[in-house]
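Below is one structure, written out as structure tokens, with a few remarks after it.
Both counts, for ligands and for their atoms, begin at 1 and track the order of listing.
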Amino acid sequence: METFGARLHRAVAERGPLCVGIDPHPGLLTAWGLSDDVAGLERFCVTVVEAIGDRVAVVKPQSAFFERFGARGVGVLESTIRQLRDFGALTLLDVKRGDIGSTVAAYASAYLDPSSPLYVDAVTASPYLGVGSLAPMFSTAAEHGGGVFVLALTSNPEGASVQRAVGADGRTVAQTVIDEISQLNRGAEPLGSFGLVVGATVGGTGHDLGSVNGPLLAPGLGAQGGTPAGLRTVFGAALPSVLPSYSREVLGAGPDPADLRAATERVLADCRAALGAAD
Ligand SMILES: O=c1ccn([C@@H]2O[C@H](COP(=O)(O)O)[C@@H](O)[C@H]2O)c(=O)[nH]1
């Protein structure tokens, strides 16, 4: 079975270093001329998937925007995930789960077990009950070729007070997370399956990302003010492992599929240039 790291490595080589988020904000539904209900949600998602699902390496639905419509919204999430798979995109569900280990095991079944209706290639996870509490996600991901992206240095300004707090061993909370994930990826080729979330907005933080050997998801580009040119300051030598992620910057170009594709091509070209990736 091919690991998530290997599948991601191949997808990025084929389609380029880009993740596009599906974040159906109420304001975007309105701007697209859609109703702020399940029918509008469904039309929004089908439009995005049909426009860019066959050309982006990773697509990241944001669970919150589906959950706000209850069971029917989650139904749309399920069908969106299935359609993305049919279009050949890797699916990363941004759901930021974390809990005590026995509950994390249930989250792992929900998202990383291929028999689940919400099965995706990878999820985001929160480490604030301890990275070790996420062990059931790591083991389920490893068993089924999935991936987990753990929050390290988030793009929002409030994150720093927790993530950059210094522990008794002199390391920040974020560096502890980085080091534990690096350990999980040790020896993996061509890339580990366990990633980190590091916002494109955080600037130079002095954290050592050089040994992660896994993907570094960089949200915060575009709408939150992060720029591809700024990625070098954030990631330094780890730049080749960065997976830049945009949501509103691309989605705001809709609803015309040609405009969504043009926005995707534009940000991809910017990211390739910033990462020094080949066309
Ligand atoms: O540190 C983080 C972690 C996750 N996100 C999520 O990414 C998108 C960003 O959307 P934009 O429209 O491109 O700002 C959104 O789903 C966040 O929940 C993040 O922004 N920062």
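Nearest-heavy-atom check against atom 20 (O) of ligand 1 across K60, Q224, Q163, E249 picks out Q224.
Distance from atom 16 (O) of ligand 1 to its nearest protein heavy atom, with residue and atom name: D23 OD2, 2.5 Å. For atom 4 (C) of ligand 1, the closest non-hydrogen atom on the protein side is K96 NZ, 3.3 Å. Shortest contact from atom 12 (O) of ligand 1 to any protein heavy atom: R248 NE, 2.6 Å.
Other members of the hydrophobic cluster containing L129, listed by chain and number, are I100; membership follows side-chain contacts under 4.5 Å among ILVMFWY residues, whether direct or relayed.
Between D113 and H144 the shortest side-chain heavy-atom distance falls below 4.5 Å. Put simply, the side chain of R43 does not reach to within 4.5 Å of the side chain of W32, judged on heavy atoms.
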* Can you list the steps and then say if Q183 with D179 is a side-chain hydrogen bond (donor to acceptor under 3.5 Å, both in side chains)? -> CA-CA 6 Å; Q183 198 62 31; D179 292 346; over 6 Å; no
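Ring geometry, F65 versus H25: the interplanar angle falls from 30° to 60°, so the pair is classed tilted.
Salt-bridge check for D37 with R72: failed, with every basic side-chain N at 4.0 Å or more from each acidic carboxylate O.
By the criterion of a heavy-atom distance under 4.0 Å, the side chain of Q62, and not its backbone, is placed next to ligand 1. Heavy atoms of D94 found under 4.0 angstrom from ligand 1 belong exclusively to the side chain. Residue contacts with ligand 1, taken as heavy atom pairs separated by less than 4.0 Å, involve V197 solely via side-chain atoms from C-beta onward. The proximity of S155 to ligand 1, defined as any non-hydrogen pair under 4.0 Å, involves the side chain as well as the backbone.
Residues that satisfy the salt bridge (Lys or Arg N to Asp or Glu O under 4.0 Å) test with R55, not counting sequence neighbours, are E265.
Some N or O of S247 is nearer than 3.5 Å to an N or O of ligand 1, by distance alone.
Within ligand 1, counting atoms from 1 as listed, the ones closer than 4.0 Å to a heavy atom of T154 are 1 (O).
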